[in-house]
Undergrad: 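Can you read through this structure? Questions will come right after.
The figures that follow rest on heavy atoms only: side chains count, while hydrogens, waters and symmetry mates do not. Quantities reported herein were computed from a predicted structural model and do not represent experimental measurements.
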Amino acid sequence: MNDAALRPAGDVPRHIAVEPRILYFGTPVVLLSTENDDGSANLAPISSAWALGRTIVLGLGRDGQTARNLLSRPDLVINLPAPALWPAVERLAPLTGRSPVPATKPEGCRFEPDKFGAAGLREQPSHVVRPPRVAECPLQMEARAVALRPDATGAFVIVEATVRQVHADPRLVVPGTDHVDPAAWSPLIYNFRHYFGLGPELGHSHRTETPGRAPAAPVPSP
């Protein structure tokens, strides 16, 4: 029996007002590969990304190398790591492709021109954009930034990127379809600065084209 069943009828759950320093309430980690001025690749982890159809909206630090690259070279690859890659993501976290290191970067951040090597990841050629894919990432989206603008505070850049081609590990694809199997794919989740994977499936949306073993949410009785 759950806690809700134990509460008296009409009992409203209690909440308290808090002021968290960050609001990463559980979002997928993304590794963005972009092209530097000299043609080399920059690789950066972010945790602000969401999809609207074929458009991916990204939140970037204003002074990072990724934002700087996209202003003049809009091609990028949106690489989605699986949970086991979290140590590689964390190796990237204190690195920047900017030299000198911007004053807005966190203390301890250092310049690193070879982000792939520092993270222990491999470059994989892309098909329709210039920046490379991350070979170890099971899902990769080649894309082009079509709009960049500052956020309301001026500290971040909001990017709208159009996905041009998607690559998937074949083990994640429902055979005979273009559907990613949600029972086979687990994103790396950044949850209040901690790394997690997904737990067991709880259910599925009525709109899914890949129903799993768990039932859809029951329809309330009239």
Side-chain angles (χ1 to χ4, degrees), residues 24 27-49 56 58-145 148 156-157 159 161 163-172 185-191 193-197:
Y24 296 116
T27 51
V29 173
V30 169
L31 297 180
L32 297 182
S33 44
T34 57
E35 185 180 25
N36 295 319
D37 290 338
D38 62 2
S40 63
N42 185 65
L43 187 63
I46 70 165
S47 54
S48 298
I56 307 293
L58 307 168
L60 309 176
R62 177 194 63 196
D63 298 325
Q65 185 67 14
T66 298
R68 184 179 187 180
N69 284 345
L70 291 177
L71 283 170
S72 54
R73 290 170 299 281
D75 283 355
L76 71 157
V77 182
I78 302 163
N79 303 276
L80 281 76
L85 286 179
W86 80 264
V89 173
E90 185 60 16
R91 286 192 290 271
L92 284 169
L95 308 179
T96 179
R98 291 286 303 272
S99 179
V101 176
T104 53
K105 287 290 185 178
E107 185 177 354
C109 187
R110 63 180 178 83
F111 169 64
E112 173 55 63
D114 179 13
K115 296 279 201 71
F116 275 86
L121 298 171
R122 293 170 295 171
E123 297 186 18
Q124 184 176 26
S126 293
H127 291 189
V128 297
V129 300
R130 290 175 60 87
R133 295 174 283 154
V134 178
E136 288 78 7
C137 286
L139 287 176
Q140 311 152 335
M141 303 179 189
E142 299 185 38
R144 173 162 291 171
L148 291 85
F156 301 96
V157 175
V159 178
V163 174
R164 304 181 63 195
Q165 188 166 77
V166 178
H167 305 268
D169 183 318
R171 293 172 293 182
L172 303 181
W185 163 240
S186 176
L188 175 61
I189 300 295
Y190 194 57
N191 182 5
R193 291 181 175 161
H194 291 254
Y195 297 104
F196 291 86

Undergrad: Among residues at least two apart in sequence or on other chains, which ones pass side chain to side chain contact (heavy atoms under 4.5 Å, CB included) with P94?
TA: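 Testing P94 for side chain to side chain contact (heavy atoms under 4.5 Å, CB included), a comparison that skips the adjacent residues, returns none.
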
Undergrad: Kindly give the heavy-atom pair with the smallest separation between P83 and P187, and that separation in Å.
TA: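 Result for this residue pair: CG-O, 3.6 Å.
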
Undergrad: Are any of the side-chain heavy atoms of N79 and V30 separated by less than 4.5 Å?
TA: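 Heavy-atom side-chain distance check fails, nothing below 4.5 Å.
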
Undergrad: To the nearest 0.5 angstrom, please state how far the OG atom of S186 sits from the CG atom of L172.
TA: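 Going from OG on S186 over to CG on L172, the span is 10.0 Å.
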
Undergrad: Can you sort out the partners of P81 under side chain to side chain contact (heavy atoms under 4.5 Å, CB included), two or more places apart, ordered by chain and number?
TA: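 Residues passing side chain to side chain contact (heavy atoms under 4.5 Å, CB included) with P81: V29, L31, L85, V89, C137, L188.
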
Undergrad: Which residues pass the side chain to side chain contact (heavy atoms under 4.5 Å, CB included) test with L71, sequence neighbours left out?
TA: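 Only L148 meet the side chain to side chain contact (heavy atoms under 4.5 Å, CB included) criterion with L71.
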
Undergrad: Quick one: OH on Y190 to OG on S48, what's the gap to the nearest 0.5 Å?
TA: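 Interatomic distance, Y190 OH to S48 OG, rounded to 0.5 Å: 10.0 Å.
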
Undergrad: Salt bridge (charged side-chain N to carboxylate O under 4.0 Å, His left out): which pairs involve residues 62-75, sequence neighbours left out?
TA: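 Matches after skipping sequence neighbours: D37-R73, D75-R144.
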
Undergrad: Please give me the minimum heavy-atom distance between A67 and G61, naming the atom from each residue.
TA: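 Heavy atoms only, the tightest pair is CB-O, 3.6 Å.
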
Undergrad: The criterion is side-chain hydrogen bond (donor to acceptor under 3.5 Å, both in side chains); which residues satisfy it with R171, sequence neighbours excluded?
TA: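 With neighbours one apart ignored, the set is D169.
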
Undergrad: Can you tell me which residue pairs pass the salt bridge (charged side-chain N to carboxylate O under 4.0 Å, His left out) test with a partner in residues 123-133, sequence neighbours excluded?
TA: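 Listed once each, the pairs are E35-R130.
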
Undergrad: Output all residues satisfying side-chain hydrogen bond (donor to acceptor under 3.5 Å, both in side chains) with E142, sequence neighbours left out; order by chain, then residue number.
TA: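 Per chain and number, E142 pairs via side-chain hydrogen bond (donor to acceptor under 3.5 Å, both in side chains) with H167.
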
Undergrad: If only atom types and distance count, is the side chain of T27 paired as donor or acceptor with the main-chain N or O of S47 below 3.5 Å?
TA: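 Side chain of T27 to backbone of S47: a pair is present.
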
Undergrad: What's the verdict on side-chain contact (heavy atoms from CB on, under 4.5 Å) for L32 and L60, showing C-alpha distance, side-chain angles and the deciding distance?
TA: CA-CA 10 Å; L32 297 182; L60 309 176; 3.5 Å; yes

Undergrad: For the residue pair A143 and V129, what are the closest heavy atoms and their distance?
TA: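 The answer is O-CG1, 3.5 Å.
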
Undergrad: Where the side chain of N36 meets the backbone of D38, is there a donor-acceptor pair that is under 3.5 Å apart?
TA: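 Checked: no pair found.
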
Undergrad: For a quick test of reading the model, state the closest non-hydrogen atom pair linking P131 to V77 and the distance between them.
TA: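 Here P131 and V77 meet closest at O-CG2, 3.5 Å.
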
Undergrad: Which pairs with one or both residues in residues 104-114 pass salt bridge (charged side-chain N to carboxylate O under 4.0 Å, His left out), sequence neighbours excluded?
TA: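 For residues 104-114, and leaving out neighbouring residues, the salt bridge (charged side-chain N to carboxylate O under 4.0 Å, His left out) pairs sorted by first residue read R110-E112.
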
Undergrad: How would you list, by chain and number, every residue that makes a side-chain hydrogen bond (donor to acceptor under 3.5 Å, both in side chains) with H194, sequence neighbours excluded?
TA: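 side-chain hydrogen bond (donor to acceptor under 3.5 Å, both in side chains) check on H194 returns nothing, list empty.
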
Undergrad: Just jot down the side-chain hydrogen bond (donor to acceptor under 3.5 Å, both in side chains) partners of R164, sequence neighbours excluded, or say none.
TA: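 Per chain and number, R164 pairs via side-chain hydrogen bond (donor to acceptor under 3.5 Å, both in side chains) with no residue.
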
Undergrad: Could you list all the ring-ring contact (aromatic ring centres under 6.0 Å, His included) pairs where at least one residue sits in residues 101-126, not counting sequence neighbours?
TA: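 Sorted result for residues 101-126: empty, none.
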
Undergrad: Scan residues 85-98 for pairs that pass side chain to side chain donor-acceptor pair (under 3.5 Å), counting only residues two or more places apart or in two chains.
TA: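 The answer is E90-Y195.
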
Undergrad: Do Q65 and K115 touch side chain to side chain, with heavy atoms closer than 4.5 Å?
TA: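 Answer no - side chains too far apart.
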
Undergrad: Any heavy-atom pair between the side chains of L76 and S33 that's under 4.5 Å?
TA: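 They are not in side-chain contact.
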
